[in-house]
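Reviewing the structure listed below.
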Amino acid sequence: MALTAALVDTDTVLSVENLSVYYDRFLALTQVYLNIPQRCVTAFIGSSGCGKSTLLRCFNRMNDLTMGCRVQGKISYRGTDLYAPRVDPVELRRQIGMVFQKPNPFPKSIYENIAYPIRINGYQGDVEELVEQSLRDAALWDEVKDKLKQNALSLSGGQQQRLCIARALAIEPDILLMDEPCSALDPISTARIEDLIKQLRTQYTIIIVTHNMQQASRISQMTAFFNSSSGEAGAGAGYLVEYGTTEQIFTDPRQDLTRDYVSGRFG
Amino acid sequence: MTQIDQVDQSTPASPSRFQANLAQRYRADQIFQTAALLSVLIALFVLIMLLGDVFITGFPRFIQDFPSFLLSYPSRRAAQAGILSPLVGTIWLLILTGLFAIPTGVGAGIFLEEFAANTRLARLIEINIGNLAAVPSIIYGLLALQVFVRWMEPITGGRSVLAGGLTLALLILPIIIVATREALRSVPNSIRQAGFAVGTTRWQVVRDHVLPIALPGILTGTILALSRAIGETAPLITIGALTFIAFLPPLSPIIEGLRSPFTALPIQTYNWISRPQPEFQNNAAAAIVMLLIVLLLMNATAIYLRNRTQKIRND
Ligand SMILES: Nc1ncnc2c1ncn2[C@@H]1O[C@H](COP(=O)(O)OP(=O)(O)O)[C@@H](O)[C@H]1O
Ligand SMILES: [Mg+2]
């Protein structure tokens, strides 16, 4: 309890103010206010289609690449407006890394998967050293050190996902966004990635979307619960129901909706 | 409850609510398979008849005077006539067409697929490129006659091999664009996202991740388009390729070569086949044999390149 309280007081890295996101005319996410604290794990939970991935993709401006996506409101990243014209999304994505739901290594060698982002971002030091360091950070080095020249697609799904995490860590990001990183993995691989996240959270700010309530309670300090108002015409707009420390959300939720969701009675 | 009981009691022997009717289903299977096989046989039969006819008429002429048929100019006497100038003309056309059509077509395909926003204009262009691929080749010939032969005469020198290369390039441009876009579209989007997420620009994503995966498809489509180009006759006749040429385009200075008149294998074939004497018919068949050899070589190159790039990718 003391630990989480201390964590909540630390600096805010990302601050979301009155954010709404549209896909063409469809309102996917509406009026979100949220402050993400530094160096801890924030979990986004909620049923499918309530805009968790949409919000995550706003943080590294991956939404810019989606045709018809419009963002209203404000997101500040360490004080600067993320959507200000002078913010370069390419540079931003080096600082805010992302791991996807389905492991997506480049169809190249294991080494090249890590070395590529290092080189492309103009690393001045020893590339080989940083490749090894990144693989160690992602708890993958021992498994792949003898086959760095092999194609990354020859790895198992769990190893591929850790390779993707290593790839994201290699360019020394500030924040790591993870969109259901374990949903395509078996329980053992999932456990390894959870261990990894627990190690990483002392150095990085991690935001993770998950469908697994136990996972959220095991690895996160903060939890945000989203829901979508089921409108008359199909899917409604997603919105933030409740945000607080993970302990509070799971043991003492303020909203009935949250209580129903975390106790598994709905969703 | 009763339903569950029924299921529990039923054994394979007892009457079931499903009628598998396997005998009839297998019969339908058989009928369809036979029909499909028949279609293959008909297609093969026609192809073999055509090739057989060409080879029986043309091969003796091709093989008896083996190098001399390839190395002599066309002549009024059938026995002395050869295909040197049309063969060289076809090779010139092949190189020029590739030079003009590949960079432009692949570039346009990359732009439309990876860079252009999905606006109404982009969709309009997309539909029209599809339409262009279906325009009869003689129409391209008419357009080229006006543009490349008449308007651009100061550059192309009129009915020159350069004008011919430009014409064929124009003809296969839509095919190359469509093939390039298909190949790019088959690259999974997750690869692009992986690239963007580590801080790469759009061009870096295309160059380093998308193109290497799409390359085999682009190569195959491009080479097949070139094969189509060198078999074309109508547009070349329209822009006035000659049928009797007793010299080769000079290689130096190259501009002279580009601006000299030309002929090509399909045109020479067309010319010979319209003559009454049977000797010329044999010559025509022999020229077709040569054209087929060129086409086979190109398709073999396409397959070789595809396999090689795929192997590199899988390593
Ligand atoms: N690229 C897109 N174009 C149009 N609608 C989209 C797109 N991506 C997501 N949506 C819609 O936005 C809503 C939120 O989606 P998403 O953020 O993926 O939800 P979640 O990750 O919480 O499951 C859904 O209704 C979805 O259909
Ligand atoms: Mg999602």
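Below, read A as the first sequence line, B as the second, and so on, with proteins coming before strands; counting in each chain starts at 1. If you're wondering where the values come from, they're calculated on a predicted model, not measured in any experiment.
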Inset, instruction - Would you mind checking which part of Pro173(A) comes under 4.5 Å of any heavy atom in chain B, side chain (CB onward), backbone (N, CA, C, O), both or neither? - result: neither
Legend entry - Inter-residue atom distance Lys102(A).NZ - Gln193(B).CD, 0.5 Å rounding: 10.5 Å
Legend entry - Atom pair CG (Asp208(B)) and CD (Glu112(A)), whose distance is rounded to the nearest 0.5 Å: 8.5 Å
Inset, instruction - Check whether any side-chain heavy atom of Leu65(A) lies under 4.5 Å from a side-chain heavy atom of Arg202(B), and answer yes or no. - result: yes
Legend entry - Within 6.0 angstrom of Glu128(A) CD, more than 12 heavy atoms from elsewhere: no
Legend entry - Residues, nucleotides or ligands: over 12 heavy atoms within 6.0 Å of Tyr304(B) OH: no
What are the two closest non-hydrogen atoms of [X] and [Y], and how far apart are they?
X         : Y         : result
Gly199(B) : Ile120(A) : O-CG2, 4.2 Å
Phe106(A) : Ala194(B) : CE2-CB, 3.7 Å
Pro107(A) : Ile213(B) : CG-CD1, 3.6 Å

Inset, instruction - Could you tell me how the ring of His209(B) sits relative to the ring of Tyr116(A): parallel (under 30°), tilted (30 to 60°) or perpendicular (over 60°)? - result: perpendicular
Inset, instruction - Check for a donor-acceptor pair, side chain of Asn121(A) on one end and backbone N or O of Val198(B) on the other, with a separation under 3.5 Å. - result: yes
